[in-house]
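These notes are about the structure you will find just below.
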Amino acid sequence: MISSIVLVYAGLVAQASAACTRAALQQVAASYVEAQVGGKLTLLTLASNTSYAENDKPMDISKGVLSQPIKVDFNRSIYDTTQCATFTELTAATAQHPYVIYTRMLLTEDASQITKIESVVSDSGDWAFNATGHLYWTRQEKWDPIPEAQRDTRAVIQAAGDAYLNQWGNSTLPVPLGTPCARLEGGSYTGQSNAAANTCRMGAFPQPLKVGERRYIIDEELGAVDIFNNFPWLEASKPDGAVPSTNFIRVERGLIRYIHEVTVCETPRCGR
C-alpha cells in the first residue's frame with residue numbers, strides 16, 4: 001500500500017514538473033522577441049524537427065525574417081497554457097525596413113522546446129499596411145490582465161472570435177461586439193473618432209466569405225484570442241483563392257473590445 005502511494009505521489013510530482021506554465025511561456029515569448037531584435041536564432045530552444053513557415057509557406061528558418069536583426073518598437077504576447085503555445089505581435093515602425101509581424105509558436109508539453117513557428121509577416125504593399133499607425137494605436141490600448149472572477153472561459157473567448165469571422169460569410173449573424181470597440185486593420189483605426197461609442201460594426205462584403213484554416217491561441221487571463229486564417233476574395237489576382245491573415249482579439253465580459261487584423265497581399269494592396 002505504501003509503495004502504491006509513493007508511486008502515485010511520484011507520478012503527480014512528475015506531472016507537475018512537466019506542466020506548461022505561464023512563466024515558462026513568458027520566457028519563451030521574451031526569447032523570441034530578443035531573437036528577432038538580434039537576428040539570433042540561437043536564443044531559441046528549437047526541437048530537432050521544428051517546423052517554420054512565413055505567410056503559410058514552409059521555409060528554412062535560417063533564411064527567414066527571424067534570422068534578420070529588426071528594431072522592434074513594441075511587442076505584445078499572449079500565453080496559452082492549455083495548448084502550450086504563445087502568440088506575439090511585433091511592431092517595427094522605425095526599423096530600416098518596417099514590419100508588423102504576428103507569430104504563433106507551439107511547444108512541447110513542458111515548454112522546453114519550440115516545435116512549430118508560424119508568422120504572418122506584413123510590410124509595404126500589404127493590406128492597409130502602415131507600421132507607424134499600427135504602433136501608435138496599439139500602444140494606446142489596454143490589454144491588462146482581467147480579474148479572475150471576471151474572466152471568460154476559453155470557449156466564450158473563441159466563440160467571440162469565431163462569430164466575428166463567421167459574419168463575413170453571413171452579415172446577419174450576431175457578433176458580441178462591445179461598446180466601445182476598436183478595430184486596428186493594418187495601420188487604420190476605427191477608434192480614433194467617437195471612441196467611446198465605436199462598436200466595430202462592419203458592412204457586408206460584396207460576397208459571402210468562408211474564412212478557413214483557423215488556428216487558435218487563447219489566453220483567458222488577458223481575455224485574448226489570436227486566429228491565424230486564410231482571407232478569401234481580398235486578393236484581386238486570385239478571387240477564388242485566399243491570402244494569409246490573422247485576427248488578434250480582446251474579449252471582456254463576453255464582448256469584443258479590440259480587434260487587430262494583419263493580412264498579406266500577393267500584389268500591392270491586394271490589387272484593390
Side-chain angles (χ1 to χ4, degrees), residues 29-41 43 52-57 59 61 63-78 86-105 117-143 181-193 195 198 200 202 217 222 224-231 234-236 242-250 257-272:
S31 295
Y32 162 71
V33 174
E34 188 178 356
Q36 184 63 86
V37 169
K40 297 179 179 178
L41 297 176
L43 296 177
Y52 180 77
E54 289 182 11
N55 300 336
D56 289 342
K57 296 178 180 178
M59 64 184 302
I61 192 171
K63 298 179 181 178
V65 70
L66 191 49
S67 67
Q68 307 168 22
I70 295 174
K71 180 185 177 184
V72 174
D73 299 293
F74 184 83
N75 69 88
R76 176 182 283 119
S77 293
I78 64 174
T86 68
F87 165 80
T88 299
E89 172 189 76
L90 296 180
T91 311
T94 61
Q96 184 174 7
H97 182 139
Y99 286 103
V100 175
I101 302 172
Y102 283 14
T103 295
R104 66 194 304 269
M105 298 192 295
I117 302 175
E118 295 179 301
S119 293
V120 171
V121 181
S122 67
D123 61 3
S124 179
D126 287 323
W127 184 251
F129 180 82
N130 182 332
T132 300
H134 190 281
L135 175 63
Y136 178 82
W137 292 113
T138 193
R139 276 178 165 169
Q140 309 305 310
E141 297 177 348
K142 291 187 65 176
W143 293 62
C181 174
R183 186 175 71 251
L184 177 57
E185 187 171 348
S188 301
Y189 200 60
T190 63
Q192 58 184 309
S193 60
N198 196 295
C200 295
M202 295 175 57
I217 304 293
L222 293 178
V225 57
D226 181 77
I227 310 175
F228 270 44
N229 59 82
N230 288 344
F231 194 148
L234 183 65
E235 174 58 56
V243 289
S245 184
T246 181
N247 288 266
F248 185 27
I249 296 172
R250 162 88 166 190
R257 177 64 182 91
Y258 298 119
I259 302 168
H260 293 187
E261 179 187 310
V262 170
T263 302
V264 174
C265 297
E266 295 188 6
T267 57
R269 295 175 297 282
C270 292
R272 299 186 182 277

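As the structure is a prediction and not an experimental result, all values here were calculated from the model. For reference, positions follow the sequence shown, starting with 1.
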Might you work through the side-chain contact (heavy atoms from CB on, under 4.5 Å) test for Val264 and Trp127, ending with a clear yes or no?
CA-CA 6 Å; Val264 174; Trp127 184 251; over 6 Å; no
Is there a side-chain contact (heavy atoms from CB on, under 4.5 Å) between Tyr32 and Leu43 once you walk through the steps?
CA-CA 7 Å; Tyr32 162 71; Leu43 296 177; over 6 Å; no
The test is side-chain contact (heavy atoms from CB on, under 4.5 Å); show your working for Ile78 and Phe248 and say whether it passes.
CA-CA 10 Å; Ile78 64 174; Phe248 185 27; 3.8 Å; yes
Which is it for Thr246 and Asp226 under the side-chain hydrogen bond (donor to acceptor under 3.5 Å, both in side chains) test, yes or no, and what are the steps along the way?
CA-CA 7 Å; Thr246 181; Asp226 181 77; 2.8 Å; yes
Mind running side-chain contact (heavy atoms from CB on, under 4.5 Å) on Val72 and Thr91 for me, showing each step along the way?
CA-CA 6 Å; Val72 174; Thr91 311; over 6 Å; no
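In this model, a donor atom of one side chain and an acceptor atom of the other lie less than 3.5 Å apart for Arg76 and Thr138. Side-chain contact, Gln68 with His97: no donor N or O sits under 3.5 Å from an acceptor N or O. In summary, the side chains of Thr94 and Asp73 do present a donor paired with an acceptor at a separation below 3.5 Å, with no hydrogens or angles considered.
Each of Ile101, Val37, Val65, Thr103 was compared with Leu90 under the side-chain contact (heavy atoms from CB on, under 4.5 Å) criterion, and only Ile101 meets it.
Residue Ser119 holds its OG atom at 8.0 Å from CG of Asn55, rounded to the nearest 0.5 Å. For the atom pair CZ (Arg104) and CD1 (Ile217), the distance works out to 4.5 Å, reported to the nearest 0.5 Å. Expressed to the nearest 0.5 Å, how far OG of Ser67 lies from CD1 of Ile61 amounts to 8.5 Å. Atom CZ of Phe129 and atom OG1 of Thr263 lie 12.5 Å apart (nearest 0.5 Å). In this structure, CH2 on Trp137 lies 15.0 Å from CD on Glu185, to the nearest 0.5 angstrom.
With hydrogens and angles ignored, the 3.5 Å screen pairs no side-chain donor or acceptor of Ser122 with any backbone N or O of Asp126. Looking only at distances, no side-chain donor or acceptor of Arg183 sits under 3.5 Å from a matching main-chain atom of His260. At least one donor-acceptor pair under 3.5 Å links the side chain of Gln192 to the backbone N or O of Tyr189. Under the 3.5 Å distance criterion, the side-chain polar atoms of Asn198 are matched with a main-chain donor or acceptor of Thr190.
In terms of heavy atoms, Ser245 sits closest to Asn247 at OG-ND2, 4.2 Å. Residue Pro98 comes nearest to Ala131 through the heavy atom pair CB-CB, 4.0 Å, listed as atom of the first residue, atom of the second, then distance. Between Met59 and Gly64, the shortest heavy-atom distance links the atoms CE-CA, 3.7 Å. Listed here is the closest heavy atom pair of Leu184 and Gly187: CD1-C, 4.0 Å. Residue Leu222 comes nearest to Arg250 through the heavy atom pair O-NH1, 2.7 Å, listed as atom of the first residue, atom of the second, then distance. Residue Thr88 comes nearest to Ala29 through the heavy atom pair OG1-CB, 4.0 Å, listed as atom of the first residue, atom of the second, then distance.
In this structure the side chain of Thr267 reaches within 4.5 angstrom of the side chain of Glu235, judged on heavy atoms. The closest side-chain heavy-atom distance from Val225 to Phe87 is not below 4.5 Å. Here the side chains of Ser77 and Glu89 are not in contact, with every heavy-atom distance at 4.5 Å or above.
A parallel orientation is assigned to the rings of Tyr258 and Trp143, their planes being inclined by less than 30° (bins at 30° and 60°).
Annotation: salt bridge (Lys or Arg N to Asp or Glu O under 4.0 Å) contacts involving residues 258-272, sequence neighbours excluded, comprise Lys238-Glu266.
The ring of Tyr136 has its center no closer than 6.0 angstrom to the ring center of His134.
Partners of Asp56 by side-chain contact (heavy atoms from CB on, under 4.5 Å), not counting sequence neighbours, listed by chain and number: Arg215, Asn230, Pro244.
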